[in-house]
Structure formats: structure tokens, C-alpha cells
*Asks:* 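Handing you a structure now.
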Amino acid sequence: MNKVIGGLLGVMISTSVMAADMYVTGSAGTAMAGRGDTNVGLAVGVELGKNLRVESAYTYDVDNKENTLFGHFVPQARIPGTTLTPYVLVGVGVNFDQMNEKPLWAVGGGLRVEISKSLDVDFRYRLTDNMDKNDRREYVSAGLSYKF
């Protein structure tokens, strides 16, 4: 299963690098439900069309010293006449500090607010868990996206 996830992430990263509508997002956030874990992240992605993005997202949990990499599919729909783009995300990932653990999955959503043609603010909620459903975590974050 880890080979499948690694292959998926590799394809997503290589697609992102070759695409013209690429973006990079830096973010900071926290875990919900009393954990209080602080996390920082970096996502590299591409808009495959006006309604779909694909991204690779790295998250570092500052409190637990954990490194996680996800691949997300991000369907989105801009609200006509506004600068608001709500989205949902689904993805798979791996925690590099617990390689013997099961692969992770993620679902969530968010809102991108366009500040300029090359800059968005990104607000995100993400629920993650491993395949055995015994490591459930919820995160909220905010970030800035630079669009190339």
C-alpha cells in the first residue's frame, strides 16, 4: 500500500511541476478536540481546470515532531461575482515518523479568498485517520497561496 501511495504522490508532484497553473501554499494551524498540536505546512499544486486542483501537501506537527505527506484531489467551485472559492478535498498520505503504521486518508474542505491574481488566502479543515481508524485527527489551518 505504501508503494501505491508513493506512486500517487510522485505522479501528483510531477504533474504539478510541469503545469502552468501551479501554486504554492504556506500554512499554519492547530489540531482540534483538545489536542492543541501546532502544525505548519507547505502544499504544491496545480489547477487542472477551473473546478479541480491536485496537490501534494507536507505537514509538520511542531508539538509531536511528526512529518506527514498527503496527496489531495480538490474539487472547487468559485461563487460567481465574488472572490470566494469553496472546495472539498480527499486524499491519501503517510506519516514518515510511523512508517510501520497504516497509510492515512484525509477528507475536508475549505475556502480560498482571492486577494489578487497571484495571491489567495486559504482557510482549511481536514480530518485524517489511518486505515484501521484508530488515529483520528482534525485540523484547522490558514495559509497564503502564491499562484504562478
Side-chain angles (χ1 to χ4, degrees), residues 1-64 66-96 102-131 133 135-148:
M1 185 64 155
N2 284 341
K3 290 180 182 179
V4 172
I5 291 172
L8 174 64
L9 294 175
V11 168
M12 294 172 82
I13 290 169
S14 64
T15 301
S16 297
V17 170
M18 295 183 310
D21 293 333
M22 190 172 140
Y23 63 90
V24 175
T25 303
S27 63
T30 187
M32 299 172 62
R35 289 180 54 109
D37 299 343
T38 302
N39 60 69
V40 294
L42 182 67
V44 176
V46 62
E47 290 195 10
L48 298 175
K50 70 178 192 172
N51 294 320
L52 181 63
R53 290 183 286 132
V54 179
E55 69 181 24
S56 296
Y58 166 78
T59 303
Y60 177 70
D61 184 323
V62 175
D63 299 312
N64 293 312
E66 292 180 342
N67 298 283
T68 308
L69 183 63
F70 280 94
H72 296 138
F73 291 97
V74 187
Q76 62 185 8
R78 186 166 189 155
I79 299 173
T82 71
T83 60
L84 306 176
T85 305
Y87 62 86
V88 296
L89 66 84
V90 293
V92 293
V94 62
N95 182 316
F96 287 111
K102 301 287 183 191
L104 302 171
W105 55 263
V107 295
L111 178 69
R112 290 174 71 103
V113 180
E114 185 178 74
I115 296 174
S116 70
K117 290 293 180 194
S118 61
L119 193 63
D120 288 348
V121 176
D122 188 323
F123 301 99
R124 180 174 289 195
Y125 164 83
R126 185 171 66 185
L127 169 67
T128 68
D129 204 344
N130 63 21
M131 297 303 177
K133 298 184 179 178
D135 192 19
R136 181 183 174 133
R137 299 180 190 191
E138 296 178 87
Y139 298 95
V140 292
S141 63
L144 285 175
S145 292
Y146 179 76
K147 300 178 282 188
F148 296 93

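One is the number of the first residue; the rest follow in order along the sequence. Predicted model only: the values in this text are computed from it and were never measured.
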*Asks:* Applying side-chain contact (heavy atoms from CB on, under 4.5 Å) to T83 and R78, what does each step give before you reach the verdict?
*Replies:* CA-CA 7 Å; T83 60; R78 186 166 189 155; 3.9 Å; yes
*Asks:* Got L42 and V24 here, is their nearest side-chain heavy-atom distance under 4.5 Å?
*Replies:* yes
*Asks:* Could you walk me through whether Y58 and N67 pass the side-chain hydrogen bond (donor to acceptor under 3.5 Å, both in side chains) test, one step at a time?
*Replies:* CA-CA 7 Å; Y58 166 78; N67 298 283; 2.3 Å; yes
*Asks:* What closest approach, in Å, do D129 and R136 show between heavy atoms, and which atom pair accounts for it?
*Replies:* OD1-N, 3.2 Å
*Asks:* Y23 ring centre to R112 NZ or CZ under 6.0 Å, with the angle to the axis within 45°?
*Replies:*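 Yes, cation above the ring, under 6.0 Å and within 45°.
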*Asks:* Just checking, any donor-acceptor pair under 3.5 angstrom between side chains of N39 and D61?
*Replies:* no
*Asks:* Checking L104 against F70 for the side-chain contact (heavy atoms from CB on, under 4.5 Å) test, could you report, in this order, the C-alpha distance in whole Å, the side-chain angles of both residues, the deciding distance, and whether it holds?
*Replies:* CA-CA 8 Å; L104 302 171; F70 280 94; 3.9 Å; yes
*Asks:* Taking the side chain from D37 and the backbone from A31, do they hold a donor-acceptor pair closer than 3.5 Å?
*Replies:*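 Looks like no, no N/O pair under 3.5 Å.
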*Asks:* Provide the closest heavy-atom pair for F123 versus A142 in the form atom of the first, atom of the second, distance.
*Replies:*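 Nearest heavy atoms, F123 then A142: CD2-CB, 3.9 Å.
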*Asks:* Please report the closest heavy-atom contact between I79 and P86, naming both atoms and the distance.
*Replies:*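 Looking at all heavy atoms of both residues, the shortest contact is CG1-CD, 3.9 Å.
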*Asks:* Could you walk me through whether Y139 and T128 pass side-chain contact (heavy atoms from CB on, under 4.5 Å), step by step?
*Replies:* CA-CA 8 Å; Y139 298 95; T128 68; 3.9 Å; yes
*Asks:* Check whether Y87 forms a cation-pi arrangement with R53 (NZ or CZ under 6.0 Å from the six-membered ring centre, at most 45° off the ring normal).
*Replies:*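 Judged by the rule, R53 and Y87 form a cation-pi pair.
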*Asks:* Taking all non-hydrogen atoms of both residues into account, name the closest pair between H72 and A57 and its distance.
*Replies:* CE1-CB, 3.8 Å
*Asks:* Answer yes or no: is there an ion pair linking K147 with E47, defined by an N-O contact shorter than 4.0 Å?
*Replies:*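 No, this pair does not count.
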*Asks:* Would you call the rings of Y146 and F148 parallel, tilted or perpendicular, taking 30° and 60° as the class edges?
*Replies:*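 Plane angle over 60°, so perpendicular.
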*Asks:* Any chance you could lay out the side-chain contact (heavy atoms from CB on, under 4.5 Å) test for V140 and M32, step after step, and finish with the verdict?
*Replies:* CA-CA 7 Å; V140 292; M32 299 172 62; 3.4 Å; yes
*Asks:* Can E55 and R126 be counted as an ion pair, charged N to O under 4.0 angstrom?
*Replies:* no
*Asks:* Which pair of non-hydrogen atoms, one from Q76 and one from G49, has the smallest distance, and what is that distance?
*Replies:* NE2-O, 4.2 Å
